[in-house]
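Remember, it's a predicted structure, so these values are computed and weren't measured experimentally. Throughout, residue positions are numbered sequentially from 1 according to the sequence presented.
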Amino acid sequence: MELSTLIAQWSGKLPPGFVPQAVLRDEPPRCAQPRCTKPASRKPDGGYWKSCDSCKTRRAASCRRRRAALVAEGGCHRCAYRKRLEGDFLCERCRQDRDIERGQKRRDAIDAAVIDEFAARPDRAHEPSNLDCGISPWNARPKPEPSAAYWSPLPDPEPREEREWAKSIYDDGRRFHRY
């Protein structure tokens, strides 16, 4: 990188001898076709085509005539350049392309039908099942069966004061004093 460019970037000033770009005119460029002096036509996005409208229509008609002549000589009805298959109106490549496009359209139609069918169903909450938890008939544990101990009443708890066996006879409580 040149030193003057680096200084210009750091200082924010144009380097000496810098020529700014010319201001672009808003008038359309001339048509690119030979012997045509009309302005080029405008694109939908605001830019300009290379040619004017009349030259574009003239060239499109010429292209259509050329393709029709090629098809009349035995060319493919779709691309017009390659020879047709025997007893068919498409070449091998165009036939494969068409089959691929038809298959894609068929899959798109099936997908759209499935989506429409799903959207037409009434909204309902998900009904959970054991399968959501990863439990199946092949890996499930047997359900627990209640035994006699489940039904028998628990014994009454003994009051803490009567549990003399839980206290040491040597413990007088002095352990918890500071002095």
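- Inspection of the R107 and Q104 side chains reveals an N or O donor paired with an N or O acceptor under 3.5 Å.
- Counting heavy atoms from C-beta outward, R42 and P28 have side chains that stay 4.5 Å or more apart.
- When side chains are defined from C-beta on, K43 does not count as touching Y48, because their heavy atoms never get closer than 4.5 Å.
- For the pair S41 (side chain) and S51 (backbone), a donor-acceptor distance under 3.5 Å is present.
- Put simply, the side chain of R82 reaches to within 4.5 Å of the side chain of C94, judged on heavy atoms.
- With sequence neighbours excluded, the residues that form a salt bridge (Lys or Arg N to Asp or Glu O under 4.0 Å) with R95 are D88.
- Distance check: K167 NZ to D171 CG gives 10.0 Å after rounding to the nearest 0.5 Å.
- Summarising the geometry of E158 relative to E162, their closest heavy-atom pair is OE2-O, 3.7 Å, with the distance given to 0.1 Å.
- Remark: E164 CD to I169 CD1 distance equals 11.5 Å, nearest 0.5 Å.
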- Task: Show the numbers, then the answer: is there a side chain to side chain contact (heavy atoms under 4.5 Å, CB included) between K83 and C76?
- Result: CA-CA 6 Å; K83 292 292 179 192; C76 172; over 6 Å; no

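- Judged purely by atom type and a 3.5 angstrom limit, R84 has no side-chain atom pairing as donor or acceptor with the backbone of C91.
- For R98, the CZ atom sits in a packed shell: over 12 heavy atoms of surrounding residues, nucleotides or ligands are nearer than 6.0 Å.
- Rounded to the nearest 0.5 Å, atoms CG (L90) and CD (Q96) are 11.0 Å apart.
- Between Q33 and R59 there is a side-chain heavy-atom pair separated by less than 4.5 Å.
- Side-chain contact between E27 and P39 is absent, with no heavy atoms from C-beta onward closer than 4.5 Å.
- Here the CD1 atom belonging to I115 is positioned 12.0 Å from the CD1 atom belonging to I110, to the nearest 0.5 angstrom.
- Ion pairing between E101 and R78 holds under the 4.0 Å rule for side-chain N and carboxylate O.
- The main-chain N or O of R58 is never found under 3.5 Å from a side-chain atom of S62 such that the two would form a donor-acceptor pair.
- Through direct or relayed side-chain contacts under 4.5 Å between Ile, Leu, Val, Met, Phe, Trp and Tyr, V71 connects to no other residue.
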